[in-house]
Structure formats: structure tokens, C-alpha cells
Amino acid sequence: MPALLYLCKVVVILCIHNYLYSFVSADTPSVKITYSAKVSSVFPVLLSAIRQSPPPTGPVHDGKVVGKDPVTYSYHQPVPIPSYLIAVASGNVHYRAFPKHEDKEWTCGIWAEPELIDSAYWEFSQDTARYILCIILLTFSRLTIVQGSLRRKKRL
């Protein structure tokens, strides 16, 4: 069951802006899709896809005034995913990148309200990249083990 939720100013910590986010509570992983989306908003828009524009390495909200100037965000998800992984969020959020992990091409960071970005960065910067690296290593080692066991079964 898909849902769009709207957090009013009363629920948000600093009570300045409203927020929108989505989730799908039930679905099946057997049906997967790719998708593209364009969303215009006066707030930064985040989707569970690769941002095409404005450039993800550029300034927040393409350098425009958050909460005032509209910006069109373009996203593309080239990997087929189940619909319960499609998410959208929008609100007065800013991004701060975590230190890049040695020898890795990927990056990660935190999105938070400007007033909370320092404490959110402090809370998550030490471990998030390490957790992601562990997940990647566990996933690939598990795939190797599964593929190895499949090869052994075929030989029997």
C-alpha cells in the first residue's frame, strides 16, 4: 500500500517548513521496474535513484534559495527495483559529505535540516561509510560462496 506522508511544521524539529516523504508498506520483490522522474519544488527533492540534474556534486538546491526558488530535479533508476524501494522525500534539508573511504569510488553523507547538520554529521560520520563497506564486503563474499556452492552441486 503506497503512501505519501506530510509532516506539518508542528512535528518538524524547528517548526519552519513542512516535509513530504513516501513509503510503500507492502509489495512483492518479484516485480521490478526501472524509472525516471522529474520533480519541481522550492525544497530539495530526494529520490531512490541517481540524480541527473541539478548535478549531485553541485550546491544544495542548485544554488537557489531553499523554500523560495523552484528547481526541477531529474532522477533515473537504471537498476530494476521492487516498488517498495521507490522513495521520495522533500523538505528544508542540506547535504554534507562524509570523508571519502580509501580506494573507493562511492561516497556517502548526511541530509539534515541546516540547524541540525552539525550534530547529524557528528552522529553518523564515524561509522556510516564503514557500515556500507562491510555490507558490500558481506554481500560480495556471500555471492562468491553461493556461486561456489552452486558450482560444487553441479559437479556432483
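Keep in mind that what you see is a predicted model, and the values were worked out from it rather than measured. Along the sequence shown, the residues carry numbers beginning at 1.
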Worksheet item: Can you name the salt bridge (charged side-chain N to carboxylate O under 4.0 Å, His left out) partners of D69, sequence neighbours left out?
Response: none

Worksheet item: Mind checking what makes side-chain hydrogen bond (donor to acceptor under 3.5 Å, both in side chains) contact with Y75, not counting sequence neighbours?
Response: none

Discussion item. Other members of the hydrophobic cluster containing Y121, with the 4.5 Å side-chain heavy-atom rule, please.
Written reply: F98, I110, I117, F124

Practice prompt. Count the heavy atoms belonging to other residues, nucleotides or ligands that lie under 6.0 Å from NZ of K38, then report whether that count exceeds 12.
Written response: no

Item to complete: Would you check if the side chain of S119 reaches a backbone N or O of L116 as a donor-acceptor pair within less than 3.5 Å?
Response: yes

Worksheet item: Taking the side chain from R51 and the backbone from P55, do they hold a donor-acceptor pair closer than 3.5 Å?
Response: yes

Worksheet item: Considering residues at least two apart in sequence or located in another chain, which fulfil the side-chain hydrogen bond (donor to acceptor under 3.5 Å, both in side chains) criterion with S48?
Response: Y35

Worksheet item: Is a side-chain N or O of H61 found less than 3.5 angstrom from the main chain of V42, in a donor-acceptor match?
Response: yes

Worksheet, complete the sentence: Which of T72, V71, V88 passes side chain to side chain contact (heavy atoms under 4.5 Å, CB included) with V45? It is V88

Worksheet item: Does any N or O in the side chain of Y73 come within less than 3.5 Å of the main-chain N or O of S53, such that one atom is a donor and the other an acceptor?
Response: no

Worksheet entry | Q126 atom CD, over 12 foreign heavy atoms within 6.0 Å | no

Fill in: Exam field: side chain Q77 to backbone V79, donor-acceptor pair closer than 3.5 Å
yes

Item to complete: Go through the structure and list residues passing side-chain contact (heavy atoms from CB on, under 4.5 Å) with L133, not counting sequence neighbours.
Response: H101, K104, W106, L137

Item to complete: Could you note down all residue pairs passing salt bridge (Lys or Arg N to Asp or Glu O under 4.0 Å) where residues 74-99 supplies at least one of them, sequence neighbours left out?
Response: R96-D118

